Amino acid sequence: LFRYLCRHRNEYDAVHFFSTKLQLFGPLVAACVGIPCLTTITGFGRVFNRQTWLYRILRWPYLMFAEQSLRFSRATFFQNRGDMEWLKQRFPRWAPKMYWVGSGITASVVTEKDFSVGPLHVLLAARLMPDKGIPIYLECARQLQGANIQFRLAGPASDGQQRLWADILRAHELGQMHYMG
């Protein structure tokens, strides 16, 4: 990332970091290169949701890097209001840079959609791993197959998830959902 941004720094007015690792480390890299940046936090994920010793240990460095991310970002957007409020309390100095934007769907899209007219197209874009809800999505696609709903899945495979990958390919081959890559 550092080398890429160094070589292309004059091509960008800003960079936006979205996934957890990039959101935590990207702003520091962007600051070193001299490119303004924005970040989006969708949620704290397994580091804060799992109670095993490993994830409890990881919380401290996560918060340390999160504070630096907030410091070097022009703005940080949140899809989860509770996470934003929690970080505002923890790091009040950076609270003016934090904004809640909600999810990527507006309520009017859902309320104005006539669900009796089909087919209903459902797209899940996520990393292909259980923590992102992929097994549940596949099960919904299996159970609702033929119910005038077309399920689509887009996202990169995750290391160590060969069984899930096989399930995705099987669901695609059976026509339960369409894997888009």
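What you see is a predicted model, and the numbers here were worked out from it, not measured in a lab.
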When you group the ILVMFWY residues by side-chain heavy-atom contacts below 4.5 Å and let the links chain together, are [Y] and [X] in the same group?
X	Y	value
Leu174	Ile168	no
Phe18	Val29	no
Met177	Met129	no
Leu87	Trp100	yes

Clusters formed by hydrophobic residues whose side-chain heavy atoms approach within less than 4.5 Å: which one holds Phe72, and what are its other members?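 Besides Phe72, the hydrophobic cluster comprises Leu28, listed by chain and residue number.
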Hydrophobic cluster mates of Leu123, side-chain heavy atoms under 4.5 angstrom, ILVMFWY only, any path?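 Hydrophobic cluster check, Leu123: joined to Met180.
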Partners passing ring pair (Phe, Tyr, Trp, His ring centres under 6.0 Å) against [X] (at least two apart in sequence or in another chain):
X	value
Tyr55	none
Phe151	Tyr137
Tyr179	Trp165

Which residues satisfy the side chain to side chain contact (heavy atoms under 4.5 Å, CB included) test with Arg71, sequence neighbours excluded?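 Expected list: Gln68, Trp94.
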Go through the structure and list residues passing side chain to side chain contact (heavy atoms under 4.5 Å, CB included) with Lys88, not counting sequence neighbours.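 In terms of side chain to side chain contact (heavy atoms under 4.5 Å, CB included), with neighbours along the sequence ignored, Lys88 is linked to Met84, Glu85, Ala95, Met98.
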The criterion is salt bridge (Lys or Arg N to Asp or Glu O under 4.0 Å); which residues satisfy it with Arg170, sequence neighbours excluded?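 For Arg170, the residues satisfying salt bridge (Lys or Arg N to Asp or Glu O under 4.0 Å) (neighbours in sequence not counted) are Asp167.
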If you measure from CD on Gln89 to CZ on Phe91, what distance do you get to the nearest 0.5 Å?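 Between atom CD of Gln89 and atom CZ of Phe91 there are 12.0 Å.
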Using the test side-chain hydrogen bond (donor to acceptor under 3.5 Å, both in side chains), find all partners of Gln162 that sit at least two apart in sequence or belong to another chain.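 Expected list: none.
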Can you list the residues that meet the side-chain hydrogen bond (donor to acceptor under 3.5 Å, both in side chains) rule with Arg142, with sequence neighbours excluded?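 Partners of Arg142 under the side-chain hydrogen bond (donor to acceptor under 3.5 Å, both in side chains) test: Glu139.
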Suppose the criterion is salt bridge (Lys or Arg N to Asp or Glu O under 4.0 Å): which pairs have a residue in residues 27-36, not counting sequence neighbours?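 Residue pairs passing salt bridge (Lys or Arg N to Asp or Glu O under 4.0 Å), neighbours aside: none found.
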Considering only residues two or more places apart or on different chains, which pairs with a residue in residues 22-44 satisfy side-chain hydrogen bond (donor to acceptor under 3.5 Å, both in side chains)?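 For residues 22-44, and leaving out neighbouring residues, the side-chain hydrogen bond (donor to acceptor under 3.5 Å, both in side chains) pairs sorted by first residue read His16-Thr40, Gln23-Ser69, Thr39-Thr76.
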Sub-3.5 Å donor-acceptor pair from the side chain of Arg56 to the main-chain atoms of Gln51, do we have one?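 Indeed, once roles are kept as given, a pair shorter than 3.5 Å links the two residues.
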Around atom CZ of Arg74, are there more than 12 heavy atoms of other residues, nucleotides or ligands at under 6.0 Å?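 Count not over threshold, so no.
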